[in-house]
Amino acid sequence: MNIAIAINTFTKGGGMESYTLDMVRELVAQQHSVSVYAAKIDDNLPETHLVQTHWVKQKHVPKKLRPIVFSAQLDKQRDKNQVLIACNRSENADVLICGGTHKSYLHHMRQPENVLDKLTIWRENRSYHSAKKIMAHSQMMARELVDLYHVSAKKIHTIYPPVDTARFHNDFSRNAQVRQKYGFADDEIVFLFPSTGHKRKGLDLLADFFEQTELPIKLAVAGSSLPRPMRNVLELGFVHDMPELYRAADYTIMASQYEPFGLVGVESVLSGTRVILSDNMACCEVLQEGAAGFFFTRGQPETLATAITLAVEHAQRGEHKIHDVQAALKYNPSVAFHIELLCQMLD
């Protein structure tokens, strides 16, 4: 197929940027012709040499309005004979990828709508209703599209996002060296918290527990800086090799207010490290509780305490690592399988 992919920034970055890079590599590997349309393109990425890249010029557009006007600019540039996969809020997509909705984000973050939010929601509505098909990255996303945006359920396909299984795998052979590298003591049970958005990811809730507990545990924060020094909390900063860090930690923990999927959960499990997750995170849909870890409820702090206590007991018995990854997952997370399902949508 001759495929066009629309994305705001074709760079290394967050969930949708990483997803786009994975998708590009696999589509090209399967001999599809791929063009990428983006407002920002990192020419140093290996993926830029695999595809035709097209710069959607937004230099004179105010930064906050760029995602709003991107679709109109794209419409003037792209080849209409190409099949369009929109990884952003572009109109008239053959398949639009939905990894989250702005209405639900505002609701869960308890933020009122301002003028820019209203424009964003207007753009979302146009994108969702003009798309031929929508790929929702979770059942939670599919429900939001129907309930909040009144999209027809007939054109929504729930297909969970993939993970690079070659990078994230459960090889524990270097764990001792990596733990020493990050300053993890042998007698500490380390809970990894990967986050570049501490408020949404639930740092305050976790810090309330870790700062008060007398359990032999530490919260290791990878990503953004801490807002203040915290007892029993380690600041790791930005980490380039997340697979080795997942494997070296005893658990991965997250308490997101809004998480339309949460690749962290699947990446951790594939790396052999159980998770402690708030049960509102959509990745819980694909994780087998017990085998994958323990879930808790954000509004019930006692459930977080119970989950961490159970995790500590398992770790002290040496029973906390995942050796049978397939038993912990409810879906096939490989990129190749995901692209197979995507291509079925495009047929």
Asker: Within the structure provided, determine whether M254 and P194 are in side-chain contact (heavy-atom separation under 4.5 Å).
Answerer: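 Side-chain contact under 4.5 Å: yes.
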Asker: Could you pull out all residues at least two apart from K155 that satisfy side chain to side chain contact (heavy atoms under 4.5 Å, CB included)?
Answerer: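 Result, side chain to side chain contact (heavy atoms under 4.5 Å, CB included) vs K155: I134, V151.
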Asker: For H60, which residues count as a side chain to side chain contact (heavy atoms under 4.5 Å, CB included) partner, sequence neighbours excluded?
Answerer: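 With neighbours one apart ignored, the set is empty.
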Asker: Are K103 and Y149 in a cation-pi setup, meaning NZ or CZ lies under 6.0 angstrom from the ring centre and within 45 degrees of the ring axis?
Answerer: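 Yes, K103 and Y149 form such a contact.
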Asker: Restricting to side chain to side chain contact (heavy atoms under 4.5 Å, CB included), what partner residues turn up for T11, sequence neighbours left out?
Answerer: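 Residues passing side chain to side chain contact (heavy atoms under 4.5 Å, CB included) with T11: T9, E17, K40, D42.
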Asker: Side chains of N170 and V269: does their closest heavy-atom pair fall under 4.5 Å?
Answerer: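 When only atoms from C-beta onward are counted, V269 and N170 do not touch, as no gap falls below 4.5 Å.
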Asker: Can you list the residues that meet the salt bridge (charged side-chain N to carboxylate O under 4.0 Å, His left out) rule with R123, with sequence neighbours excluded?
Answerer: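 Testing R123 for salt bridge (charged side-chain N to carboxylate O under 4.0 Å, His left out), a comparison that skips the adjacent residues, returns E91.
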Asker: Write out all pairs satisfying ring pair (Phe, Tyr, Trp, His ring centres under 6.0 Å) with one or both partners inside residues 76-114, taking only residues at least two apart or from two chains.
Answerer: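 Residue pairs passing ring pair (Phe, Tyr, Trp, His ring centres under 6.0 Å), neighbours aside: H102-Y105, H108-Y258.
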Asker: Looking at residues at least two apart in the chain, or sitting in another chain, which of them share a salt bridge (charged side-chain N to carboxylate O under 4.0 Å, His left out) with E244?
Answerer: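 So E244 forms a salt bridge (charged side-chain N to carboxylate O under 4.0 Å, His left out) with R174, K181.
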Asker: Just grab all the salt bridge (charged side-chain N to carboxylate O under 4.0 Å, His left out) pairs involving residues 182-192, residues at least two apart or on different chains.
Answerer: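 Applying salt bridge (charged side-chain N to carboxylate O under 4.0 Å, His left out) to every pair that reaches into residues 182-192, excluding sequence neighbours, yields E188-K218.
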Asker: For the residue pair Y251 and F191, categorise the inter-ring angle as parallel (less than 30°), tilted (30 to 60°) or perpendicular (more than 60°).
Answerer: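 Answer is parallel, since the angle falls under 30°.
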Asker: Show, in sequence, the C-alpha distance, side-chain angles and deciding distance for S90 and S71, and conclude whether the side-chain hydrogen bond (donor to acceptor under 3.5 Å, both in side chains) test is met.
Answerer: CA-CA 5 Å; S90 293; S71 183; 4.7 Å; no
Asker: When rounded to the nearest 0.5 angstrom, what distance separates OH in Y128 from CD1 in I121?
Answerer: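 One gets 10.0 Å once the value is rounded to the nearest 0.5 Å.
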Asker: The criterion is salt bridge (charged side-chain N to carboxylate O under 4.0 Å, His left out); which residues satisfy it with K133, sequence neighbours excluded?
Answerer: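 None.
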Asker: Please name all residues satisfying side chain to side chain contact (heavy atoms under 4.5 Å, CB included) with T297, sequence neighbours left out, ordered by chain then number.
Answerer: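 In terms of side chain to side chain contact (heavy atoms under 4.5 Å, CB included), with neighbours along the sequence ignored, T297 is linked to D279, Q300, T303.
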Asker: Can you tell if the side chain of L287 reaches within under 4.5 Å of the side chain of L277, non-hydrogen atoms only?
Answerer: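 SC-SC contact between L287 and L277 confirmed.
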Asker: Any donor-acceptor pair under 3.5 Å linking the side chain of T48 with the backbone of L45?
Answerer: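 Checked: pair present.
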Asker: Suppose we screen for salt bridge (charged side-chain N to carboxylate O under 4.0 Å, His left out). Which residues come up paired with R298, at least two apart in sequence or across chains?
Answerer: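 In terms of salt bridge (charged side-chain N to carboxylate O under 4.0 Å, His left out), with neighbours along the sequence ignored, R298 is linked to no residue.
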Asker: Would you be so kind as to tabulate the donor-acceptor pairs closer than 3.5 Å made by side chains of residues 337-347, with sequence neighbours excluded?
Answerer:
{"residue": "H338", "atom": "ND1", "partner": "Y160", "partner atom": "O", "Å": "3.0"}
{"residue": "H338", "atom": "NE2", "partner": "Y19", "partner atom": "OH", "Å": "2.8"}

Asker: L84: which other cluster members, linking ILVMFWY side chains closer than 4.5 Å, directly or transitively?
Answerer: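 When side chains under 4.5 Å apart are linked, the cluster holding L84 also contains Y37, V56, F70, L74.
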Asker: Measuring from L119:CG to N114:CG, what's the distance to the nearest 0.5 Å?
Answerer: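 Going from CG on L119 over to CG on N114, the span is 9.0 Å.
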Asker: Check the pair K118, E124 against salt bridge (charged side-chain N to carboxylate O under 4.0 Å, His left out), reporting the backbone distance first and the verdict last.
Answerer: CA-CA 10 Å; K118 292 180 186 297; E124 278 187 325; over 6 Å; no
Asker: Does any part of the side chain of P260, heavy atoms only, come nearer than 4.5 Å to the side chain of H137, both counted from C-beta?
Answerer: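 No - every pair of side-chain heavy atoms lies 4.5 Å or more apart.
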Asker: Taking NZ, NE, NH1 and NH2 as the nitrogens, is one of them in E285 or K330 under 4.0 Å from a carboxylate oxygen of the other?
Answerer: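 Not counted as a salt bridge, because no side-chain N and carboxylate O are separated by less than 4.0 Å.
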Asker: Taking all non-hydrogen atoms of both residues into account, name the closest pair between S256 and S278 and its distance.
Answerer: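 Distance-wise, the nearest heavy atoms are N-OG, 3.4 Å.
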Asker: Could you report the tightest heavy-atom contact between A220 and L236, atom names first, then the distance?
Answerer: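 Closest heavy-atom pair between A220 and L236: CB-CD1, 3.9 Å.
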Asker: Quick one: closest heavy-atom pair of L245 and A222, and the distance?
Answerer: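 L245 and A222 have their closest heavy atoms at CD2-CB, 3.9 Å.
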Asker: Looking at side-chain heavy atoms only, is the closest gap between V51 and T53 below 4.5 Å?
Answerer: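 The answer is yes; the side chains approach within 4.5 Å.
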